Number of protein chains: 2
Amino acid sequence: MTGIAQRVAGFEGQLKDAGLRMTQQRRLILRVLAEADDHPDAKGIFTRAFALDPTLSLSTVYRTMKVLETQGAIERHAFEDGVSRYEHADQEHHDHLIDIESGEVIEFSSDAIEELQRRIAAELGYELVRHRLELYGRKKRPGVRGKKG
Amino acid sequence: MTGIAQRVAGFEGQLKDAGLRMTQQRRLILRVLAEADDHPDAKGIFTRAFALDPTLSLSTVYRTMKVLETQGAIERHAFEDGVSRYEHADQEHHDHLIDIESGEVIEFSSDAIEELQRRIAAELGYELVRHRLELYGRKKRPGVRGKKG
DNA sequence: TCCTTATTGCAAATGTTTCGCAACTGCATT
DNA sequence: AATGCAGTTGCGAAACATTTGCAATAAGGA
């Protein structure tokens, strides 16, 4: 029910409209991205794709990510570790919570926080264009309640 | 009223307590940082400091920033452009709004947003350790009201 | 099938930050 | 004031992630 094939086909049309070509490499990278449910970096994408087609190069991954980002097909994030991580952009906006122990990335969204940000920007005389919000936290142990032990 | 000299002296004691030394270079960099009211990157700090002492090296700036960060004397941020930017940490916590046209960085703080973040993390089963919040916005023209023209 | 041109792989170049190492310098102690 | 041990520095080279020049290749419309 993931619709990977459709998604890839969708991108194909999108690329065509922009005068770009749907190459084997792009198809491959698109497939890897569609199958990913995490936030891989360029090397991670390369590794996965390379396993399916060892003629692929890392440069092409970078170039493709740039094209896809321009097309709005993916989103790029840079968390604390500094490297660019990617995710497909077919879901609604969300922010990220990063488990500082495992590195796991959890997605969340909050209308309240979006609204609050907009208001804060407005109070400073700005129109909010975009934002970056990352929460870094530690998993609470199940038995522990709010305060004290 | 800035108290740069006192601040530098304060760091001196702090360093001493950690078994570190107050060198000419550190004094210089500290002074540059204290005088900065923006968020310079390593090269920017180096440039300003180099003007006062051309024997300083960029490596030393990087090393010093690491020491100071460990000591909690400064904070490091990485905005969208990827490079590390620094600011002295003698003020209370705040987040940043970046003017996407001028690159200017405006500081702000909001208890409401802090609290909201804590609550969101808690709802996901996490204890919030730290966060990164950057707003990217465009300056509103003075005459424009809330909605429409 | 042919042609134009976008795209690729490769290696070299970037830009930022780190590191090895020998020379140097705080600074606590004589 | 002189001494000695470590912490520090400057320099160049290395480590990284990412970008780019270029000649070869391959989409995909004619």
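Since we're looking at a predicted model, the values are computed, not measured. Below, chains carry the letters A, B, ... as their sequence lines are ordered, and counting in each starts from 1. Atoms considered below: every heavy atom in the structure, side chains included; atoms not considered: hydrogens, waters and symmetry mates.
- For B:Leu28 and C:dT25, the CG to P distance is 15 Å, given to the nearest whole Å.
- In this structure, the OH atom of B:Tyr86 is 6 Å from the P atom of C:dT17, given to the nearest Å.
- Side-chain atoms of A:Arg63 and A:Gln25, non-hydrogen and from C-beta on, never get closer than 4.5 Å to each other.
- Along DNA chain C, the nucleotide nearest B:Val83 and the nucleotide nearest B:Leu20 are compared for position; the residue whose nucleotide lies closer to the 5' end is B:Val83.
- Taking only side-chain nitrogens and oxygens, B:Thr23 never comes nearer than 4.0 Å to OP1 or OP2 of D:dG7.
- Closest to the side chain of A:Arg21, from the set C:dG9, C:dT16, C:dA6, is C:dA6.
- Rounded to an integer number of Å, the gap from A:Glu12 CD to C:dA6 P is 18 Å.
- In this structure, the CE atom of A:Met22 is 10 Å from the P atom of C:dT8, given to the nearest Å.
- Residue A:Leu30 contributes atom CG, which lies 13 Å from atom P of C:dT7 at whole-angstrom precision.
- The phosphate of C:dT25 (OP1 or OP2) has no side-chain N or O of B:Gln25 nearer than 4.0 angstrom.
- To the nearest angstrom, P of C:dT16 lies 9 Å from CG of B:Asp81.
- Proximity of residues 48-71 of chain A to DNA chain D (heavy atom under 4.0 angstrom from any strand atom) is restricted to A:Ser59, A:Tyr62, A:Arg63, A:Lys66.
- Hydrophobic clustering keeps B:Phe79 apart from B:Leu135 (ILVMFWY residues linked when any side-chain heavy atoms are closer than 4.5 Å, directly or through intermediates).
- A donor atom on one side chain and an acceptor atom on the other are not found under 3.5 Å apart for A:His77 and A:Glu134.
- By the rule that hydrophobic residues join a cluster once side-chain heavy atoms approach within less than 4.5 Å of another member, B:Val105 and B:Val83 end up as members of separate clusters.
- Of the listed nucleotides (C:dT8, C:dT5, C:dT16), C:dT8 has the atom at the smallest distance from the side chain of A:Arg26.
- Side-chain N or O atoms of B:His96 include none that pairs as donor or acceptor with a backbone N or O of B:His94 at under 3.5 Å.
- The backbone N or O of A:Met65 lies less than 3.5 Å from no partner atom in the side chain of A:Arg76, so there is not a single donor-acceptor pair.
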